[in-house]
Amino acid sequence: IQCSHALSYNMRYIVLFLFASLLQLRLDPSLQQNLLHTLNATVVRDTTTTCPYGALLDNVTSQIRSILSNVSLDNLGVGRPGHCGGVNWTRVAYLNMTDLNQTCPANWTLVTYPGNSGTTLRACQRKNGASCDVAYYSVKGKRYSQVCGRIVGNVYGQPEAFGTQTGSSIDMVYLDGMDITRGNPRQHVWSFVTSTSRMGNLKYLCSCSNRSLVPTTAVPSFVGLNYFCDCGAPPYTTEPAGKHYYSHIMWSGTDCPPDSTCCSFNTPPWFWRVLPNSTTDDIEVRQCANNVVTDENIDAIIVEVYIK
């Protein structure tokens, strides 16, 4: 390609690439790195010493890489259409263990296990015994009054919903599952609860598990109605310890039995919470269970938290 043709080709490509990139980022910020790799691999550069435009092309592509590397939902003014209301959401927590380049937060541990068709699944679990293991996310002083997000995962072993309560405090293990909290002292934002069974011990049922059964364990007052609850694995019978249930995606709003309302209660997978007051509290995402990790755990695969 001659020098002038190279410049024309690159400039057209760069403009189209940037436009397409921003559109894709509106849909899924996780595409960012893929777009950067595409830019590196595809931009045509004239390497001859006689072409006066090489430095210009390098500068333009460098600037676009910088924009894509630093772009945020807040800068783009985008929301999560169909999930969160309005625009100007800022992402403060993101984990996607389907991306081989991602690692677990410091207080969680990586697990791998076989999935369907010979695939290997990656997830993050808590490390300790009866505990809530915390992943910390700073909001960098940003003031917000709304929180939106989702958690996607699988069940391992025998979780027991709110029947695990070791006390009435949010600082104790009050659920088997995960939760999102803020600030110090800790305040509740949303809980992701998982139950062993649809038909088992009433103490361990989700409140939405079966229309004809009422759990004997009350939802903690600090949780209120701000939670999702799900059963671990079809066909919704008691799960043995020591097994990953990758066929059922927790808190997805799908695959509920006919007599369950868990898929419609609070419309998972996305939650949206308006706080009573604005705050600059940092965010915690916790994995909680009242038994050892070999008995029950959560395989956290995707975590997304946004604030506004």
Requested in this report: Determine, step by step, whether Phe222 and Gln187 satisfy the side chain to side chain contact (heavy atoms under 4.5 Å, CB included) criterion, reporting the C-alpha distance in whole Å, the side-chain angles of both residues, the deciding distance to 0.1 Å, and the verdict.
Outcome: CA-CA 8 Å; Phe222 58 82; Gln187 298 183 66; over 6 Å; no

Any donor-acceptor pair under 3.5 Å linking the side chain of [X] with the backbone of [Y]?
X: Arg273; Y: Val189; value: yes
X: Trp251; Y: Val193; value: yes
X: Asn107; Y: Ala135; value: no

Going by the rule side chain to side chain donor-acceptor pair (under 3.5 Å), which residues pair with [X] if we only count those two or more places apart in sequence or in a different chain?
X: Ser191; value: Tyr174, His188
X: Ser252; value: Thr254
X: Asn226; value: none
X: Asp171; value: Arg186

I'd like to check [X] versus [Y] (side-chain heavy atoms, cut-off strictly below 4.5 Å). Are they in contact?
X: Lys142; Y: Thr280; answer: no
X: Arg286; Y: Ile170; answer: yes
X: Tyr144; Y: Thr279; answer: yes
X: Ile283; Y: Tyr136; answer: no
X: Val139; Y: Ile307; answer: yes
X: Ile151; Y: Val285; answer: yes
X: Ile180; Y: Phe192; answer: yes

Measure the spacing between [atom1] of [X] and [atom2] of [Y] and express it to the nearest 0.5 Å.
X: Arg182; Y: Glu284; atom1: CZ; atom2: CD; value: 11.5 Å
X: Leu275; Y: Ser145; atom1: CG; atom2: OG; value: 6.5 Å
X: Asn297; Y: Cys288; atom1: CG; atom2: SG; value: 10.5 Å
X: Asn101; Y: Asp99; atom1: CG; atom2: CG; value: 5.0 Å

Query raised in the report: Using 30° and 60° as the class limits, which term best fits the ring planes of Phe271 and Phe228: parallel, tilted or perpendicular?
Result: perpendicular

Who pairs with [X] by side chain to side chain contact (heavy atoms under 4.5 Å, CB included), at least two apart in sequence or on another chain?
X: Pro269; value: none
X: Thr98; value: Asn96, Ile301
X: Cys263; value: Cys256
X: Gln146; value: Trp89, Trp272, Val274, Lys308

Report task. Check ring pair (Phe, Tyr, Trp, His ring centres under 6.0 Å) between Phe265 and all other residues, then give those that pass, not counting sequence neighbours. Result -> Tyr227

**Report entry** Residue pairs involving residues 121-140 (criterion salt bridge (Lys or Arg N to Asp or Glu O under 4.0 Å); sequence neighbours excluded)
**Finding:** none

If you look at every heavy atom in [X] and [Y], which pair is closest and at what distance?
X: Ala300; Y: Met97; result: O-CG, 4.0 Å
X: Asn290; Y: Glu296; result: OD1-OE2, 2.7 Å
X: Gln287; Y: Cys124; result: NE2-O, 2.9 Å

**Report entry** Val155 reachable from Leu110 in the ILVMFWY side-chain graph, under 4.5 Å edges
**Finding:** yes

Query raised in the report: Are Val223 and Leu175 linked, directly or through other ILVMFWY residues, by side chains that come within less than 4.5 angstrom of each other?
Result: yes

Query raised in the report: What do the steps show when you test Trp190 against Val147 for side chain to side chain contact (heavy atoms under 4.5 Å, CB included), and what is the final call?
Result: CA-CA 9 Å; Trp190 205 264; Val147 186; over 6 Å; no

Query raised in the report: With a 3.5 Å cut-off and no angle check, do the side chains of Gln125 and Thr109 form a donor-acceptor pair?
Result: no

Query raised in the report: Hey, are Asn154 and Tyr113 close enough side-chain-wise for a donor-acceptor pair under 3.5 Å?
Result: yes

Query raised in the report: Under the criterion side chain to side chain contact (heavy atoms under 4.5 Å, CB included), which of Asp299, Ile302, Leu95 is the partner of Val152?
Result: Ile302

Query raised in the report: So, Cys262 with Cys229, SGs under 2.5 angstrom?
Result: no

